Amino acid sequence: MTPITEVEGRRLALSNLDKVLYPSSGFTKGELLHYYATTAHAMLSHLVNRPLSFLRFPDGPDGQQFFAKNVPPGTPDWVRTADVPHTDGTARQIVVQDLATLMWAANLVTEFHTPQWQCDAPGVADRLVLDLDPGEPATVVECCRVALWLRERLAADGIEAYAKTSGAKGLHLLAHLEPTPSEQVTAYAKQLAVQAEREFPELVTHRMKRSLRPGKVFVDFSQNAAAKTTATPYTLRARAEPTVSAPVTWDEVADCTDAAQLVYLATDITPRLERYGDLLDPLLDLDHARPLP
């Protein structure tokens, strides 16, 4: 029988708690749900008022994975949804506003992906993102070198950058903006990527073409487009291990000499929150929002 749990007055059926999702470590669905319950105080702030896209992996990272934006069948009527414009029409998507909705969504076994804009202003970004993706044999170590340069470049424009791991191979840089059309943010981010390539021609590419990427860091500016999403801070990823897209300090970025130094598992996050708090908290503070130059 599926156990029924009450979360903030909502009754949830949390299923298959003993199911192993990550075979290499034995990490179970119950542990996944516990992770989200214990990190919700930090994660929810980055989900609130942003339409959610799902990357579901119900049988673990080695099983079928599928991306979905529409509201899943059987969604409780108390879960908030929003109409989101897309090029082919309007889609109704989940908005995670509270712990009960977070736990309901986590029970589907999904990565959480969100855009750089909020539901009440589609296509008007309040965040900038640069996704640094290393092409083998490059690793996150090379991403860190590029990230430090981009941090200084953004600072020259009066914009403060914050870093998190992608939870996969790379690094994400984020910044808090005054509301700005996504097209303008994308154009500015592309300029930064092109400048990074000029600064490090042997190390950086701003073009997505696969043949250009081995041994280089791809500075992906395209996730600023209104239609794109990025892994939400603190989401678990569908990888061999239960890795997390985890905020990191700039000292950790500067000191990284081995890719393993910036791999964070679900079990690492609570101690990091106890030590640092939410390192991305300035992204939530309007006083930290900056205009594009």
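Sequential numbering from 1 along the given sequence is applied to the chain's residues. None of the values given here were measured: they were computed from a predicted structure.
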Atom NE2 of His34 with >12 non-hydrogen neighbours under 6.0 angstrom = no
request  = Output every pair passing side chain to side chain donor-acceptor pair (under 3.5 Å) with a member in residues 9-18, not counting sequence neighbours, ordered by first then second residue.
outcome  = Ser15-Lys29
key: Flag side-chain contact, heavy atom, 4.5 Å: Leu177 against Val185   = yes
message = Are the side chains of Ser25 and Glu241 in contact, using a 4.5 Å heavy-atom criterion?
response = yes
inquiry  = Tell me the closest heavy-atom pair linking His172 and Ala231, and the distance in Å.
reply    = CE1-CB, 4.3 Å
query = Is the shortest side-chain N to carboxylate O distance from Asp133 to Arg213 below 4.0 Å?
reply = yes
CZ on Phe57 to CG on Leu236, rounded to 0.5 Å = 6.5 Å
query = Within a radius of less than 6.0 Å around CD of Glu8, do more than 12 heavy atoms belonging to other residues, nucleotides or ligands occur?
reply = yes
ask   = Which atom names give the shortest non-hydrogen contact between Pro58 and Gln64, and what distance separates them?
value = CD-O, 3.9 Å
message = For the residue pair Thr230 / Gln116, report whether a side-chain donor-acceptor contact shorter than 3.5 Å exists.
response = yes
ask   = Under a single-linkage definition using a 4.5 Å side-chain heavy-atom cutoff for Ile, Leu, Val, Met, Phe, Trp and Tyr, are Val253 and Leu192 assigned to the same hydrophobic cluster?
value = yes
inquiry  = Quick one: does any side-chain atom of Thr249 pair with a main-chain N or O of Glu252 as donor and acceptor, under 3.5 Å?
reply    = yes
key: Donor-acceptor contact present, side-chain His113 to main-chain Leu55, <3.5 Å   = no
task = Would you check, one step at a time, whether the test side-chain contact (heavy atoms from CB on, under 4.5 Å) holds for Tyr35 with Val244?
result = CA-CA 10 Å; Tyr35 165 76; Val244 173; 3.3 Å; yes
task = Provide the closest heavy-atom pair for Lys69 versus Ala227 in the form atom of the first, atom of the second, distance.
result = NZ-O, 4.1 Å
message = Any heavy-atom pair between the side chains of Leu132 and Leu150 that's under 4.5 Å?
response = yes
task = Decide yes or no for His41 and Leu273: does some side-chain heavy atom of the first lie under 4.5 Å from some side-chain heavy atom of the second?
result = yes
Non-neighbouring partners of Ala40 that pass side chain to side chain contact (heavy atoms under 4.5 Å, CB included), sequence neighbours left out = Leu44, Leu99, Leu102
request  = Find the distance between OG (Ser222) and CG (Leu130) and round it off to the nearest 0.5 Å.
outcome  = 10.5 Å
request  = Hey, could you give me the CZ/NZ distance between Arg207 and Lys216, rounded to the nearest 0.5 Å?
outcome  = 7.5 Å
inquiry  = Let me check something: do Val204 and Leu148 share a hydrophobic cluster, defined by ILVMFWY side-chain heavy atoms less than 4.5 Å apart, either directly or through other members?
reply    = yes
Distance-only donor-acceptor check, side chains Asp126 and Gln118, under 3.5 Å = yes
message = For the backbone of Trp149 and the side chain of Glu152, can you confirm whether one donor and one acceptor N or O come within less than 3.5 Å of each other?
response = no
ILVMFWY cluster, Leu21 and Leu108 together (side-chain gap under 4.5 Å) = yes
Single-linkage hydrophobic cluster Val109~Tyr36, side-chain heavy atoms < 4.5 angstrom = yes
remark   = Rounding to 0.5 Å, atoms SG (Cys143) and CG (Leu262) come to a distance of 9.5 Å
message = Applying ring pair (Phe, Tyr, Trp, His ring centres under 6.0 Å), can you list everything that pairs with Phe27, at least two apart in sequence or on another chain?
response = Tyr22
query = For Thr90 and Val84, what are the C-alpha separation, side-chain angles and deciding distance, and is it a side-chain contact (heavy atoms from CB on, under 4.5 Å)?
reply = CA-CA 5 Å; Thr90 299; Val84 178; 5.7 Å; no
request  = Report the C-alpha distance between Val263 and Asp268 in whole Å, list the side-chain angles of each, state the deciding distance to 0.1 Å, and finish with yes or no for side-chain contact (heavy atoms from CB on, under 4.5 Å).
outcome  = CA-CA 9 Å; Val263 175; Asp268 297 322; over 6 Å; no
query = Quick one: does Ser24's side chain have a donor or acceptor within less than 3.5 Å of a partner on Ala240's backbone?
reply = yes
ask   = With Ile94, which of Leu47, Thr110, Asn70, Val79 fulfils side chain to side chain contact (heavy atoms under 4.5 Å, CB included)?
value = Val79
Phe218 and Leu212, any side-chain heavy atoms less than 4.5 Å apart = no
query = How long is the gap from CZ on Arg151 to OH on Tyr162, to the nearest 0.5 Å?
reply = 9.0 Å
note = So the ring pair (Phe, Tyr, Trp, His ring centres under 6.0 Å) pairs with at least one residue in residues 225-282 (sequence neighbours excluded) are none
4.5 Å side-chain heavy-atom contact, Glu31 and Pro242 = no
Quick one: side chains of residues 193-202, donor-acceptor pairs under 3.5 Å with protein atoms, not counting sequence neighbours, listed by atom name and distance.
{"from": "Gln195", "atom 1": "OE1", "to": "Arg153", "atom 2": "NE", "distance (Å)": "2.6"}
{"from": "Gln195", "atom 1": "OE1", "to": "Arg153", "atom 2": "NH2", "distance (Å)": "3.4"}
{"from": "Glu197", "atom 1": "OE1", "to": "His206", "atom 2": "N", "distance (Å)": "2.9"}
{"from": "Glu197", "atom 1": "OE1", "to": "His206", "atom 2": "ND1", "distance (Å)": "2.5"}

request  = Say whether, by atom type as modelled, one donor and one acceptor occur between the side chain of Asp281 and the main chain of Asp278 under 3.5 angstrom.
outcome  = no
Spacing of Ile159 atom CD1 and Leu154 atom CG [to the nearest 0.5 Å] = 5.5 Å
inquiry  = Could you check whether any side-chain N or O of Ser245 sits under 3.5 Å from a backbone N or O of Thr165, counting only pairs where one atom can act as donor and the other as acceptor?
reply    = yes
query = Between Leu265 and Thr243, does a side-chain contact (heavy atoms from CB on, under 4.5 Å) hold up when you go through it step by step?
reply = CA-CA 4 Å; Leu265 303 180; Thr243 54; 3.7 Å; yes
note = Under a side-chain separation threshold of 4.5 Å, the hydrophobic residues clustered together with Val95 are none
task = Would you mind reporting whether Glu160 and Arg290 have side-chain heavy atoms less than 4.5 Å apart?
result = no
Under 3.5 Å: donor-acceptor pair, side chain of Gln184, backbone of Pro181 = no
Closest approach of Trp117 to Ser182 (non-hydrogen atoms, all atoms of both residues) = CD1-OG, 3.9 Å
query = Just by distance, do the side chain of Thr186 and the backbone of Ala225 share a donor-acceptor pair under 3.5 Å?
reply = yes
ask   = Are any side-chain N or O atoms of Asn107 and backbone N or O atoms of Ala13, one a donor and one an acceptor, separated by less than 3.5 Å?
value = yes
inquiry  = Please determine whether residues Leu292 and Leu283 belong to a single hydrophobic cluster, defined as Ile, Leu, Val, Met, Phe, Trp and Tyr linked transitively by side-chain heavy-atom distances below 4.5 Å.
reply    = no
query = Between Arg92 and Thr81, does any side-chain donor sit less than 3.5 Å from a side-chain acceptor?
reply = yes
message = Whether the side chain of Gln97 engages the backbone of Asn49 through a donor-acceptor N/O pair (distance < 3.5 Å, no angle test) should be reported.
response = yes
task = Measure the shortest side-chain to side-chain distance between Arg127 and His46 over non-hydrogen atoms and say whether it is less than 4.5 angstrom.
result = yes
Closest non-hydrogen atom pair between Pro61 and Gln65, with its separation = O-NE2, 3.0 Å
message = Give me the atom names and distance for the closest heavy-atom approach of Arg239 to Gly167.
response = CG-O, 3.6 Å
